[in-house]
Number of protein chains: 2
Amino acid sequence: MSEREISSAVIRRLPRYYRYLGELLENNVVRISSKELSIRMKVTASQIRQDLNNFGGFGQQGYGYNVEYLHDEIGKILGLDATQNMIIIGAGNLGQALANYDFDRIGFKVIGIFDINPRLEGLAVRGVEIQMVDTLEQFIKDHEIHVATLTVPKKQARSIAKQLETWGIRAIWNFAPTDLHLSEDVCVKNVHLDESLMTLSYNLRHRGKEKYSYKSYMED
Amino acid sequence: MSEREISSAVIRRLPRYYRYLGELLENNVVRISSKELSIRMKVTASQIRQDLNNFGGFGQQGYGYNVEYLHDEIGKILGLDATQNMIIIGAGNLGQALANYDFDRIGFKVIGIFDINPRLEGLAVRGVEIQMVDTLEQFIKDHEIHVATLTVPKKQARSIAKQLETWGIRAIWNFAPTDLHLSEDVCVKNVHLDESLMTLSYNLRHRGKEKYSYKSYMED
DNA sequence: TAGATTGTTAATCGATTAACAATC
DNA sequence: TAGATTGTTAATCGATTAACAATC
């Protein structure tokens with residue numbers, strides 16, 4: 001099976017397909033055409049078909065796509081079918097908020113929360129007790145963890161990220177407002193909330209000078 | 001002054017320029033060339049110059065760019081120079097975490113937090129007391145609010161968004177995992193955290209099959 | 001002036017959309 | 001079979017990169 005290079009534009013759209021298909025599934029819709037889905041999602045049918053065909057032919061001519069099948073297949077492509085253990089580094093407001101999220105639903109199980117603040121030690125968030133970071137290395141080894149969420153202050157983010165890398169972490173979901181400099185085989189996904197708000201600020205200020213319309217749905 | 005259409009790809013890069021320039025400023029760097037900045041940011045110098053020239057000529061041949069001037073100008077383009085009052089709807093974990101953020105720094109002042117849970121009434125987050133949503137309409141009118149952060153459950157998101165629109169809100173920072181259907185003159189910026197994590201999941205699973213490298217910095 | 005670096009035009013590259021033959 | 005809709009190729013569109021004349 002030849003692995004072609006999938007563009008990140010396509011990958012970023014997959015979760016949205018997954019979400020819409022999940023909703024169709026909840027509404028007991030059995031099949032859907034790219035045309036119908038394109039209307040609901042406000043994208044072109046062409047794009048949907050192109051995107052999906054990067055991964056294989058999931059539809060059937062004259063019929064469309066089976067909602068449940070397509071939903072599951074996209075889930076597999078995204079890797080949501082296999083559960084990954086995850087830790088959260090930084091148990092501040094955001095870290096605790098994320099710990100309360102139900103990410104199990106998409107294959108991520110929070111099994112550890114870490115901080116340097118001794119006041120937080122032992123405090124349980126969603127059944128997981130906050131531990132001190134000096135136990136982090138051992139914990140990662142003991143539990144075969146490959147994914148870490150980073151919600152520490154900017155100053156500490158880079159050095160902790162480097163350590164996480166040496167301890168075997170392969171993917172970092174980074175909420176610290178800085179770019180991490182790691183080797184290429186560590187996946188980093190940045191969530192820079194302040195930068196997100198800045199783009200909203202831009203659009204608010206320049207609103208009306210141009211058309212924004214539905215495209216904003218896709219600009220993650 | 002002719003307003004050309006600025007592509008969203010450019011707009012999404014502006015906050016990152018702003019951040020790098022801010023750091024240079026902190027390090028007392030007075031001037032920088034597109035070449036030097038391109039190396040630090042791991043983008044092409046060409047892209048930097050093209051991006052900036054969408055908004056005007058901020059540099060000088062043979063010299064480069066004055067860091068402070070460029071930083072300030074990008075801040076103005078993003079609209080960070082004018083303060084906007086903001087409210088947060090939904091005082092759950094995420095809502096409270098966001099209320100604790102220092103968004104004043106980029107021109108957004110949280111002056112109200114709202115929820116339907118009577119248990120939260122009066123609880124102060126960063127000096128702002130949580131109020132009940134039935135006072136929302138009056139509050140928006142009294143304080144001339146145009147920006148709202150939406151951190152309510154999926155089920156309620158759309159109906160609240162619709163109401164916010166009728167009450168005069170012009171920009172919504174939406175954390176609910178759903179697309180909002182509003183008129184075109186309401187700006188919506190979605191932050192779908194679960195979808196962000198899904199793309200990380202994809203990259204983790206397909207890691208090594210292709211090169212990811214620095215490009216991940218830019219995929220917000 | 002000579003060197004450096006911009007602003008901007010032209011070339012390339014990639015992503016989106018359109019079209020349609022294949023086929024259920 | 002006829003109608004519908006995919007998978008896929010071709011055309012278009014837009015974004016990125018390269019090149020270089022302008023100019024500080």
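Chain identifiers are assigned alphabetically (A, B, ...) following the order of the sequence lines, protein sequences preceding nucleic acid strands; residue numbering begins at 1 within each chain. FYI, side chains are in, hydrogens and waters are out, and symmetry mates aren't considered; it's all heavy atoms of this structure.
The nearest whole Å value for the distance from the CZ atom in A:R12 to the C1' atom in C:dA15 is 12 Å. The distance between atom CD of A:E5 and atom P of C:dA15, rounded to the nearest whole Å, is 9 Å. Regarding A:N53, its CG atom lies at a distance of 15 Å from the P atom of C:dT16, rounded to whole Å. Straight-line distance from the CG atom of A:D51 to the P atom of C:dT16: 7 Å, rounded to whole Å. Atom-to-atom, CG of B:L52 to P of C:dG7 comes out at 8 Å; the value is rounded to the nearest Å. One interatomic measurement links the two molecules: CG of A:L70 to C1' of D:dT5, which rounds to 14 Å at whole-angstrom precision. The NZ-C1' distance, from A:K35 to C:dT17, rounds to 14 Å in whole Å. As rounded to whole Å, 14 Å separates atom P of C:dT6 from atom CZ of B:F58.
For the pair B:R31 and B:Y63, the distance from NZ or CZ to the six-membered ring centre is under 6.0 Å and the angle to the ring normal is within 45 degrees.
Under the Watson-Crick or G-U wobble criterion, with both distances below 3.5 Å, C:dC13 is paired with D:dG14. For C:dA21, the paired nucleotide is D:dT6, the pair qualifying as Watson-Crick or G-U wobble because both relevant distances are below 3.5 Å.
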Seminar exercise, completed: In 5'-to-3' order, the base (B), backbone-only (S) or no-contact (-) status of each nucleotide in nucleotides 18-24 of chain D, using a 4.0 angstrom heavy-atom cut-off, is BBB-BBB
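Residues B:V110 and B:Y101 form no side-chain contact, since every pair of their non-hydrogen atoms from C-beta on lies 4.5 Å or further apart.
Remark: side-chain polar atoms of A:N66 are paired, donor with acceptor, to backbone N or O of A:E68 under 3.5 angstrom. Between the side chain of B:T83 and the main chain of B:F108, no donor-acceptor pair closer than 3.5 Å is present.
Within the model, atoms CG of A:N85 and NE2 of A:H146 stand 9.5 Å from one another, a figure rounded to the nearest 0.5 Å.
Look at A:R13 and you'll find a side-chain N or O under 4.0 angstrom from OP1 or OP2 of C:dT16.
For B:K189 and A:E195, the salt-bridge test fails: no basic side-chain N is under 4.0 Å from an acidic carboxylate O. A salt bridge links B:R19 to A:D179: at least one charged side-chain nitrogen sits closer than 4.0 Å to a carboxylate oxygen.
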